[in-house]
Peer 1: 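Submitted below is the structure of interest, expressed as C-alpha cells.
Each ligand, and each atom within it, is numbered from 1 in the order the structure gives. Quick note: residue numbers are just sequence positions, from 1. Everything numeric in this text was worked out from a predicted model, so none of it was measured.
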Amino acid sequence: MQQLSTKHLLGIKGLTAEDIQLIFETADNFKDVINRPIKKVPSLRDITIANVFFENSTRTRLSFELAEKRLSADVINFSSSNSSVKKGETLIDTVNNILSMKVDMVVMRHSSPGAPHFLSQNIDANIVNAGDGTHEHPTQALLDSFSIREKLGDVAGKKVAIIGDVLHSRVALSNIFCLQKLGAEVMVCGPVTLLPKYISSLGVKVEYDVKKALQWCDVANVLRIQLERQQIKYFPSLREYSLYYGVDRKLLDQLDKEIVIMHPGPINRGVELNSNVADSEHSIILNQVENGVAIRMAVLYLLAGVK
Ligand code: CP
C-alpha cells in the first residue's frame, strides 16, 4: 500500500505533490463509496477519533464526523464552549485527558496558529489540523483543488484568483501551497489592507482590481470577510467593500469567458459574494462541501496507515 510521507496533517506546506495525488486518488475511490446505497466501509474499525474544536465550525466538523462514521471509526466530539476549558484547563491537559481514553487520532481546530504543531510534538496520536487561526486549513485546500480537478479535469496550468480577505485567511495560505504544488498559477486580489505585505514572496501575482482578476482567472475562490478576526477597520464599510470587491452577476456578465466560482463558506451574502453568483451555474460551492467528505475520508484512512 502507498503511504503518505507524514504521520500528521498539520499543513499543506508539509505535504509533497505525491502525497496530494495519493490523497486525490484515494478520495476518488471514497467518492464512489459514498454515492452507493451502502455508504459505509470497515476501513477504520477499532480506530477511535476525537474531533476537538476550540473554534466554531459547521462544514469542517460535520464533514470530519461523517467521514469518520463512513469509515466505521468510533467518534467522540469535544467543543471548548461547553467544556472544562471554561474552568481554565489547558490545551495539553485537555488533549491528554482525551487521549487517556485510548484515542488514536485527533482532529483539531484552534484559534492559535501552530496549536496542532505543538500537540504533535507532545502526544503520540495522529493529528489533523482542521484550521489553526490565520495559518493553515489543509483539508479545505485539498477539497478545493480536488473540486477544481473534478470540474476542469486538472489543476496544473489553471489560473486561480483568491479574492478578498487574504490577510486573515488560513484557506488562502493552504490554497496557495496546494495549487502551486499541483502546478497552477495563483493570483491574490483584494484591498491593499487585506493582502499581507509578504504575499508576493510566495510567488503569487498580486492584483487590486477585481475586474482584472476575474478576467485573468479560470477559477475565482472568493473568501469571507473575517470580521471576527479584525480588531481594526481595514475598509470604510461593508457596503463599500461590496461595491469595490463584491463578486456579482454583472461582473461575470462583463467577462468574455466563463469562470468557475468557489467559496469555502460560510458566505457573507451580499458582501464578498452576491446570491446571483453563489447560487448560479458558475458556482461549485456545494460540490466543494460534498467533496469535503471524500477528501477527509482519504486523509484519515491514509494517516491511520502511518504510525
Ligand atoms: N470552510 C470552513 O472551514 O467552514 P466551517 O468554519 O463552517 O468549518
Peer 1: Using modelled atom types and a 3.5 Å cut-off, is there a donor and acceptor pairing between side-chain atoms of S72 and backbone atoms of V41?
Peer 2: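 It does hold such a pair.
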Peer 1: Does R109 qualify as a cation-pi partner of F53, given the criterion of NZ or CZ under 6.0 Å from the six-membered ring centre and within 45 degrees of its axis?
Peer 2: no
Peer 1: Here's a test for you: under side-chain hydrogen bond (donor to acceptor under 3.5 Å, both in side chains), which of E68, Q140, R296 qualifies with S63?
Peer 2: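 For S63, the side-chain hydrogen bond (donor to acceptor under 3.5 Å, both in side chains) check succeeds only for R296.
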Peer 1: Pairs of nitrogen or oxygen atoms closer than 3.5 Å, one from Q140 and one from ligand 1: do any exist?
Peer 2: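 So ligand 1 has an N or O lying under 3.5 Å from an N or O of Q140.
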Peer 1: Give the atom numbers and elements of ligand 1 that come within less than 4.0 Å of a heavy atom of T60.
Peer 2: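 Those of ligand 1 that fall under 4.0 Å from T60 are 2 (C), 3 (O), 4 (O), 5 (P), 8 (O).
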Peer 1: May I ask you to identify, for R109, whether its side chain, its backbone, both or neither come under 4.0 Å of ligand 1 on a heavy-atom basis?
Peer 2: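 R109 to ligand 1: side-chain contact only, backbone stays beyond 4.0 Å.
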Peer 1: For W216 and A161, work out which heavy atoms get closest and say how close.
Peer 2: CZ3-N, 4.1 Å
Peer 1: Take D218 and K151 through the salt bridge (charged side-chain N to carboxylate O under 4.0 Å, His left out) test and state the conclusion after the steps.
Peer 2: CA-CA 11 Å; D218 303 304; K151 180 74 181 173; over 6 Å; no
Peer 1: Considering both backbone and side-chain atoms of P266, is one of its nitrogen or oxygen atoms within less than 3.5 Å of a nitrogen or oxygen in ligand 1?
Peer 2: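 By distance alone, the answer is no.
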Peer 1: Using the side-chain contact (heavy atoms from CB on, under 4.5 Å) definition, which of the options L223, V222, I148 pairs with M262?
Peer 2: I148
Peer 1: What residue and atom, counting heavy atoms only, is the protein's closest point to atom 1 (N) of ligand 1, and at what distance?
Peer 2: P264 O, 2.8 Å
Peer 1: Going by the order shown, which atoms of ligand 1 are within less than 4.0 Å of some heavy atom of T58?
Peer 2: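 So the answer, numbered in order with elements, is 5 (P), 7 (O), 8 (O).
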Peer 1: Specify the protein heavy atom at minimum distance from atom 4 (O) of ligand 1: its residue, its atom name, and the distance to 0.1 Å.
Peer 2: R59 NE, 3.0 Å
Peer 1: Taking 4.0 angstrom as the limit and counting only heavy atoms of G265, give me the atoms of ligand 1 inside it, by number and element.
Peer 2: 1 (N), 2 (C), 4 (O)
Peer 1: Counting each atom of ligand 1 from 1 as listed, which ones have a heavy atom of H137 under 4.0 Å away?
Peer 2: 2 (C), 3 (O)
Peer 1: F235 and Y244: ring pair (Phe, Tyr, Trp, His ring centres under 6.0 Å), yes or no, with the steps?
Peer 2: CA-CA 11 Å; F235 45 85; Y244 285 97; over 10 Å; no
